[in-house]
Colleague: 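The structure's right below; bear with me while I get my questions together.
Keep in mind that the numbers below use all heavy atoms, side chains included, and drop hydrogens, waters and symmetry copies. Only a predicted model underlies this, so the values are computations on that prediction, with no experimental measurement involved.
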Amino acid sequence: MSFEPKIVAFLCNWCSYAGADLAGVSRSKCAPNVMSIRLMCSGGLEPAFVLKAFKEGADGVLVCGCNLGDCHYIDGNYKTLMRMTLLKKLTEQLGIEEPRIRLQWVCASCAEDFVTAVNKITEDVRALGPYRQEKVEVESSSSR
């Protein structure tokens with residue numbers, strides 16, 4: 001039995017979600033591994049949500065926002081870019097491989113950009129195998 005990754009995608013309402021919808025309406029060939037969560041703006045994505053996705057069983061996380069300079073909330077996607085840079089440093093420290101998290105700018109009329117991002121992260125995560133959260137037990141000083 002081959003491994004099929006579970007990917008959680010956080011999509012901004014105005015561009016990325018519309019691009020994903022266009023991909024579906026256009027019947028584009030897209031990996032079926034993604035569960036989409038719509039956000040008003042990618043800038044509102046708390047890094048804790050990405051970590052929670054992994055904790056709850058995701059093998060990969062895709063974050064999509066408006067193209068830089070086209071955010072409906074002016075600079076939300078720049079906030080996303082800064083947060084994702086920091087998040088990747090944190091997840092590296094936690095042992096989450098870099099290809100498991102992807103940031104992609106997808107405009108409302110760019111269905112192919114969405115399909116490409118989904119297929120790429122699915123392929124990359126499939127090659128890595130399932131995400132296995134290692135449980136680190138911390139020994140308290142009182143239990144010695």
Colleague: What's the shortest heavy-atom distance between Cys30 and Phe114, and which atoms?
Modeller: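 Cys30 and Phe114 have their closest heavy atoms at SG-CE2, 4.3 Å.
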
Colleague: It should be assessed whether the SG atoms of Cys15 and Cys12 lie less than 2.5 angstrom apart.
Modeller: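 No - the two cysteines, Cys15 and Cys12, have SG atoms at least 2.5 Å from each other.
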
Colleague: Compare all side-chain heavy atoms of Arg126 with those of Glu4 and state whether any distance is below 4.5 angstrom.
Modeller: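 In short, these two side chains touch, coming nearer than 4.5 Å.
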
Colleague: Short question: side chain of Ser16, backbone of Cys64 - any donor-acceptor pair under 3.5 Å?
Modeller: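 Yes; at least one donor-acceptor contact below 3.5 Å.
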
Colleague: List the steps and the verdict of side-chain contact (heavy atoms from CB on, under 4.5 Å) for Tyr17 and Val106.
Modeller: CA-CA 9 Å; Tyr17 192 82; Val106 177; over 6 Å; no

Colleague: Hey, is Glu97 close enough to Arg100 for a salt bridge, meaning N to O under 4.0 Å?
Modeller: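 Answer for the salt bridge query: yes.
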
Colleague: Do Ile7 and Val125 have side chains that approach each other closer than 4.5 Å (heavy atoms only, starting at C-beta)?
Modeller: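 Sidechains of Val125 and Ile7: in contact.
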
Colleague: Could you tell me whether the side chain of Leu11 reaches within less than 4.5 Å of the side chain of Leu39, counting heavy atoms only?
Modeller: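 Contact flag for Leu39/Leu11 side chains = no.
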
Colleague: Which value, rounded to the nearest 0.5 Å, describes the distance between Trp105 atom CH2 and Leu81 atom CG?
Modeller: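 Reported to 0.5 Å precision, the distance equals 5.0 Å.
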
Colleague: Where the side chain of Asn77 meets the backbone of Gly65, is there a donor-acceptor pair that is under 3.5 Å apart?
Modeller: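 Checking the backbone N and O of Gly65 against the side chain of Asn77, no donor-acceptor pair under 3.5 Å is found.
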
Colleague: Does Ala31 offer a backbone N or O that forms a donor-acceptor pair with the side chain of Thr122 under 3.5 Å?
Modeller: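 Checking the backbone N and O of Ala31 against the side chain of Thr122, no donor-acceptor pair under 3.5 Å is found.
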
Colleague: Distance from Arg83 atom CZ to Leu90 atom CG, nearest 0.5 Å?
Modeller: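 Going from CZ on Arg83 over to CG on Leu90, the span is 13.0 Å.
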
Colleague: From Met84 CE over to Lys89 NZ, what is the distance, rounded to the nearest 0.5 angstrom?
Modeller: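 These two atoms lie 13.5 Å from each other.
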
Colleague: Kindly indicate whether the side chain of Val61, heavy atoms from C-beta on, has any atom under 4.5 Å from the side chain of Phe54.
Modeller: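 Contact flag for Val61/Phe54 side chains = yes.
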
Colleague: Taking the hydrophobic residues Ile, Leu, Val, Met, Phe, Trp and Tyr, and joining any pair whose side-chain heavy atoms are under 4.5 Å apart, which ones share a cluster with Leu22?
Modeller: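 Once heavy-atom contacts under 4.5 Å are chained together, Leu22 still belongs with nothing else.
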
Colleague: Which residue, Leu62, Val50, Ile37, forms the side chain to side chain contact (heavy atoms under 4.5 Å, CB included) with Val8?
Modeller: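 Output: one option passes, namely Ile37.
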
Colleague: Between Val63 and Val115, is there a shared hydrophobic cluster once you connect ILVMFWY residues whose side-chain heavy atoms come closer than 4.5 Å?
Modeller: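 No, it is not one cluster - the side chains of Val63 and Val115 are not joined through contacts under 4.5 Å.
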
Colleague: Quick check: do Glu46 and Lys52 have side-chain heavy atoms less than 4.5 Å from each other?
Modeller: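 No. Closest side-chain heavy atoms not under 4.5 Å.
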
Colleague: Would you say Asn33's side chain and Lys6's backbone share a donor-acceptor pair under 3.5 angstrom?
Modeller: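 Side chain of Asn33 to backbone of Lys6: no pair is present.
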
Colleague: Quick check against the 3.5 Å criterion: does Thr80 have a side-chain atom that pairs as donor or acceptor with the backbone of Gly76?
Modeller: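 Side chain of Thr80 to backbone of Gly76, a donor-acceptor pair under 3.5 Å: yes, one is there.
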
Colleague: Within the structure provided, determine whether His72 and Cys66 are in side-chain contact (heavy-atom separation under 4.5 Å).
Modeller: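 Yes, their side chains come closer than 4.5 Å.
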
Colleague: Is the closest side-chain heavy-atom distance between Ser28 and Glu112 below 4.5 Å?
Modeller: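 Answer yes - side chains close enough.
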
Colleague: Check the angle between the aromatic planes of Tyr73 and Trp14 and answer parallel, tilted or perpendicular using the 30° and 60° thresholds.
Modeller: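 The arrangement is tilted - the two ring planes meet at 30° to 60°.
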
Colleague: Tell me whether the count of non-hydrogen atoms from other residues, nucleotides or ligands lying under 6.0 Å of CD1 in Ile74 goes above 12.
Modeller: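 It does not: Ile74 CD1 has 12 such atoms or fewer within range.
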
Colleague: Can you tell me how far apart CD1 (Ile121) and CG (Leu103) are? Round to the nearest 0.5 Å.
Modeller: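 Rounded to the nearest 0.5 Å, the CD1-CG separation comes to 10.5 Å.
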
Colleague: With a 4.5 Å heavy-atom cut-off, do Pro99 and Leu128 have their side chains touching?
Modeller: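 Pro99 reaches Leu128 side chain to side chain.
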
Colleague: State whether the side chain of Thr91 and the backbone N or O of Lys88 hold a donor-acceptor pair below 3.5 Å, judged by distance alone.
Modeller: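 Judged by distance alone, yes, a pair lies under 3.5 Å.
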
Colleague: Going through the checks in order, is the salt bridge (charged side-chain N to carboxylate O under 4.0 Å, His left out) test met by Lys120 and Asp124?
Modeller: CA-CA 6 Å; Lys120 177 71 174 137; Asp124 290 350; 3.0 Å; yes

